[in-house]
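Take a look at the structure below.
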Amino acid sequence: MSNLSSMLQSLASKNPAKAAACDAVAALAAAAASIAAVIRQPDADAALGAIRGSANADGDDQKALDVLADEMIERALAVVPAVAAYLSEEQDAAVPLHDDGQVIVASDPLDGSSNIDTNVSVGTIFSILPASGGILQPGRNQLAAGFFVYGPQTTLLVSFGGPVMAFQLGDDGHFHDMGWSVSITTDTREFSINASNMRHWRPDVAAYIADCLAGETGPRKMNFNMRWVGSLVADGWRIFRRGGIFLYPADARRGYEAGRLRLVYEANPVAFLVEAAGGKAINGDVPILDVVPETLHARVPLVFGSANEVDEFARYRP
Ligand code: F6P
């Protein structure tokens with residue numbers, strides 16, 4: 001079984017244009033292995049789930065682990081000459097690193113942090129962009145993207161534009177190829193949405209979910225299952241594994257006019273992986289990867305997963 005380091009070395013030597021992105025992924029993997037070790041500490045629940053009394057740029061409560069993971073990732077990237085700047089969901093502005101760097105790394109250092117103290121999977125999401133494009137680029141420009149999941153296994157899904165590769169952290173501290181050909185099934189009977197927001201949904205979202213819930217006697221003529229972990233990385237991993245559709249739509253709550261998830265730190269990297277695995281990712285109307293961020297912390301409605309089901313959802317749009 002090959003490991004991540006040897007894959008990165010071989011990719012960088014065959015394709016020098018990807019060398020800078022490979023260096024960044026190597027640094028992120030080292031940081032992720034350290035974050036996983038911190039989460040495994042016996043007292044991690046209490047200490048790392050504690051609210052810091054601060055909010056991040058998006059107004060979310062910051063947990064101690066949010067801040068720690070952000071610091072660990074920034075430190076890891078700061079020693080990589082190829083990285084020009086670090087964009088973090090936890091920081092208001094871009095962090096300049098190396099004037100001559102070729103890539104920008106955007107990251108949600110600790111996704112799903114409301115789950116930290118419940119022993120549910122959390123993760124680190126990252127997006128690697130060419131430095132020449134500046135900090136507000138469409139996701140289509142990404143050179144590589146991926147996410148780590150800190151769950152029963154510490155895992156990584158990553159793509160450099162080609163196939164999506166899956167790795168698992170071993171006891172030796174290295175990420176090993178899981179030997180799994182990552183592709184999202186075209187069809188599904190499983191949806192993922194926070195149904196507690198139903199009363200705030202737009203009519204098209206409500207109609208789509210109502211038809212899924214109607215089961216085999218309804219218009220969809222089949223029964224659906226529902227799953228909602230509440231950690232994008234965990235819900236995402238499941239969809240890469242067995243298909244599904246994930247929805248975090250815009251809704252009528254104040255502050256949710258564009259959904260909840262961030263375009264630069266969450267939706268773009270997930271959409272990059274989803275398309276590379278044969279799935280689809282849209283904001284309701286257009287592919288996520290074609291949306292140009294207006295601000296670093298812009299939110300976007302996100303619907304992704306099995307291609308035919310995302311198309312089916314899009315048919316409900318007015
Ligand atoms: O962005 C943070 C996040 O925790 C995602 O990982 C997850 O998909 C979503 O928010 C959950 O939101 P809610 O608590 O509204 O269901």
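Start at 1 and go down the list; that is how both ligands and their atoms are numbered.
- Of the candidates Gly230, Ala195, Ala234, Gly236, it is Gly230 that places a heavy atom closest to atom 7 (C) of ligand 1.
- Geometrically, ligand 1 and Glu266 share a nitrogen or oxygen pair separated by less than 3.5 Å.
- Judged by the 6.0 Å and 45° rule, Arg242 forms no cation-pi pair with Trp237.
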Under 3.5 Å, sequence neighbours excluded: what are the donor-acceptor pairs made by side chains of residues 143-162?
| residue | atom | partner | partner atom | Å |
| --- | --- | --- | --- | --- |
| Tyr150 | OH | Thr124 | OG1 | 2.6 |
| Ser159 | OG | Gly161 | N | 3.0 |
| Ser159 | OG | Gly162 | O | 2.9 |

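- Atoms of ligand 1 lying under 4.0 Å from any heavy atom of Arg262, numbered from 1 in the order shown and given with element: 1 (O).
- Centroid-to-centroid, the aromatic rings of Phe167 and His174 stay 6.0 Å apart or farther.
- Judged by distance alone, the side chains of Asn115 and Ser231 do bring a donor and an acceptor atom under 3.5 Å apart.
- Only the side chain of Leu261 comes within 4.0 Å of ligand 1, judged by heavy-atom distances.
- Set against the non-hydrogen atoms of Leu232, the atoms of ligand 1 under 4.0 Å away are 5 (C), 6 (O), 7 (C), 8 (O).
- Numbered from 1 in the order shown, with element, the atoms of ligand 1 that lie under 4.0 Å from a heavy atom of Gly112 read 4 (O), 6 (O).
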Evaluate the side chain to side chain contact (heavy atoms under 4.5 Å, CB included) criterion for residues Asn3 and Asp177: first the C-alpha distance (whole Å), next the side-chain angles of each, then the deciding distance (0.1 Å), finally the verdict.
-> CA-CA 5 Å; Asn3 67 35; Asp177 187 347; over 6 Å; no
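- Backbone and side-chain nitrogen or oxygen atoms of Tyr256 are examined, and none is located within less than 3.5 angstrom of a nitrogen or oxygen of ligand 1.
- At least one N/O-N/O distance between Asp111 and ligand 1 falls below 3.5 Å.
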Show the atom names and distances, to 0.1 Å, of all donor-acceptor pairs under 3.5 Å that link a side chain in residues 249-259 to residues at least two apart or in another chain.
| residue | atom | partner | partner atom | Å |
| --- | --- | --- | --- | --- |
| Asp251 | OD1 | Arg253 | N | 2.9 |
| Asp251 | OD1 | Arg253 | NE | 3.1 |
| Asp251 | OD2 | Arg253 | NE | 3.3 |
| Asp251 | OD2 | Arg253 | NH2 | 2.7 |
| Arg253 | NH1 | Asn197 | OD1 | 3.4 |
| Arg253 | NH2 | Tyr248 | OH | 3.3 |
| Glu257 | OE1 | Gly255 | N | 3.1 |
| Glu257 | OE2 | Gly255 | N | 3.1 |

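- Atoms of ligand 1 lying under 4.0 Å from any heavy atom of Asn194, numbered from 1 in the order shown and given with element: 13 (P), 15 (O), 16 (O).
- For the pair Ser231 and ligand 1, a heavy-atom separation below 4.0 Å is found.
- Those atoms of ligand 1 that come under 4.0 Å of a heavy atom in Trp228, given as number and element, are 11 (C), 16 (O).
- A donor-acceptor pair shorter than 3.5 Å can be found between the side chains of Asp211 and Tyr316.
- Other residues, nucleotides and ligands contribute at most 12 non-hydrogen atoms within 6.0 Å of the CG atom of Asp99.
- For Tyr248, a nitrogen or oxygen atom sits less than 3.5 Å from a nitrogen or oxygen atom of ligand 1, counting backbone and side chain alike.
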